[in-house]
Amino acid sequence: MNAKYPLIFLGSDHGGRELRWQIRDRLISLGYPVDDSLSIDTEEMTDYPDVAHAVARAIQRNSGALGILLCGSGIGMSIAANRHAGIRAALCTTEYHAKLSRQHNFANVLCLGARLTGADLAWEIVDTFLHTAASSVERHERRVNKIDTEY
Ligand code: RB5
């Protein structure tokens with residue numbers, strides 16, 4: 001893995017495809033290692049859970065990796081990704097969501113709704129997500145450990 005930047009797995013259904021391409025190109029231009037191989041880029045509609053599960057499994061196999069998932073609303077991707085152990089997927093519509101999802105919730109997957117969030121704001125959310133570290137305050141770690149407990 002690139003020492004400077006985390007490996008980022010990207011994924012979308014048809015609803016998030018164009019925004020995914022824009023984000024992918026921008027990340028690559030900045031030097032991020034990106035794996036954009038897990039989506040199904042046909043002319044057809046695709047099922048968001050297939051991609052969410054693939055990205056979640058890829059992150060489980062690659063310690064320290066992050067994910068960015070896009071669908072029309074971001075909701076389906078976040079629900080599906082969060083079924084996987086160790087995946088904390090946050091649907092963000094503001095930079096503040098992105099900041100808190102990293103600081104307080106240690107999110108490792110960012111979900112975006114491409115039909116709701118424009119390209120400029122989406123990039124600001126991505127940028128904030130990637131540049132915010134987890135808080136070292138004990139209570140946040142304690143709470144995340146409680147999230148990660150399997151019931
Ligand atoms: C596809 O029409 C749409 O359902 C999907 O992109 C997403 O919004 C689901 O949550």
Q103 side chain to T132 main-chain N or O, any donor-acceptor pair under 3.5 Å?
-> no
| Would you say the side chain of W21 lies within less than 4.5 Å of the side chain of S12, judging by non-hydrogen atoms? | no
- Message: Is there a side-chain contact between L69 and L110 in this structure, where contact means two heavy atoms from C-beta onward sitting under 4.5 Å apart?
- Response: no
Sequence neighbours excluded, the answer for ring pair (Phe, Tyr, Trp, His ring centres under 6.0 Å) partners of H97 is none
The reported gap from SG in C71 to CG in D47 (rounded to nearest 0.5 angstrom) is 11.5 Å
- prompt: Going by distance alone, is a donor N or O of one side chain under 3.5 Å from an acceptor N or O of the other, for S37 and D35?
  reply: yes
(Q) Would you say L91 ends up clustered with V55 if hydrophobic residues are merged whenever their side chains have heavy atoms under 4.5 Å apart, either directly or through other cluster members? (A) no
Smallest heavy-atom separation, W123 atom then I23 atom, equals CZ3-O, 4.2 Å
| Side-chain heavy atoms under 4.5 angstrom apart, residues restricted to Ile, Leu, Val, Met, Phe, Trp, Tyr: same cluster for F129 and I28? | yes
**Prompt:** Is L116 linked to Y48 within one hydrophobic cluster, defined over Ile, Leu, Val, Met, Phe, Trp and Tyr using a side-chain heavy-atom separation of less than 4.5 Å?
**Reply:** no
Are H131 and D127 packed together at the side-chain level, in the sense that at least one heavy-atom pair is separated by less than 4.5 angstrom?
yes
Worksheet entry | Side-chain heavy-atom pair L7, V34 within 4.5 angstrom cut-off | no
Q.
Checking the side chain of R102 only, and the main-chain atoms of N108 only, is there a donor and an acceptor separated by less than 3.5 Å?
A. no
Original post:
For A114, does its backbone N or O pair with a side-chain atom of T117 as donor and acceptor, under 3.5 Å?
Top reply: no
For A90 and A107 the tightest heavy-atom approach is CB-CB, 4.0 Å
On a heavy-atom basis, the closest approach of A80 and P49 is CB-CA, 4.2 Å
- Message: With a 6.0 Å cut-off (strictly less than), is the heavy-atom count around CD of E141, excluding the residue itself, greater than 12?
- Response: no
If you group Ile, Leu, Val, Met, Phe, Trp and Tyr by side-chain heavy-atom gaps below 4.5 Å, do I79 and F9 land in one group? no
Smallest heavy-atom separation, S101 atom then A98 atom, equals OG-O, 2.9 Å
Open item on the list: Side chains of I68 and L70, heavy atoms from C-beta outward: is any pair under 4.5 Å?
Closed with: yes
A89 and C111 have their tightest heavy-atom pair at CB-SG, 4.0 Å
Closest heavy-atom pair, Y32 versus I8, reported as atoms and distance to 0.1 Å, is CD2-CD1, 3.5 Å
Between the CG atom in L19 and the CZ atom in R115, the distance rounded to the nearest 0.5 Å is 12.0 Å
query = Under 4.5 Å between any side-chain heavy atoms of I59 and I87, yes or no?
reply = yes
* Asked: Any side-chain heavy-atom pair from D41 and R20 closer than 4.5 angstrom?
  -> yes
The side-chain hydrogen bond (donor to acceptor under 3.5 Å, both in side chains) partners of E138 (sequence neighbours excluded) come to R142
When rounded to the nearest 0.5 Å, the distance separating CG of D13 from OG1 of T46 is 5.0 Å
Rounded to the nearest 0.5 Å, the NE2 atom of H140 sits from the CG atom of N105 at a distance of 9.0 Å
Value for NE2 (H14) from CD (E43), rounded to nearest 0.5 Å, stands at 12.0 Å
Requested in this report: Would you sort out whether E124 and T94 count as a side-chain contact (heavy atoms from CB on, under 4.5 Å), showing the intermediate values?
Outcome: CA-CA 8 Å; E124 294 306 320; T94 67; over 6 Å; no
When rounded to the nearest 0.5 Å, the distance separating OG of S135 from CZ of R143 is 10.0 Å
**Message:** Are more than 12 heavy atoms, taken from residues, nucleotides or ligands other than N145, located less than 6.0 Å from that residue's CG atom?
**Reply:** yes
Check your understanding: How about M77 and V51: do any of their side-chain heavy atoms sit closer than 4.5 Å?
Key -> yes
Report, as yes or no, whether the 6.0 Å neighbourhood of atom CD on E18 holds more than 12 heavy atoms from other residues, nucleotides or ligands.
no
Would you say Y5 and I125 are hydrophobically clustered, going by side-chain heavy atoms of ILVMFWY under 4.5 Å? yes
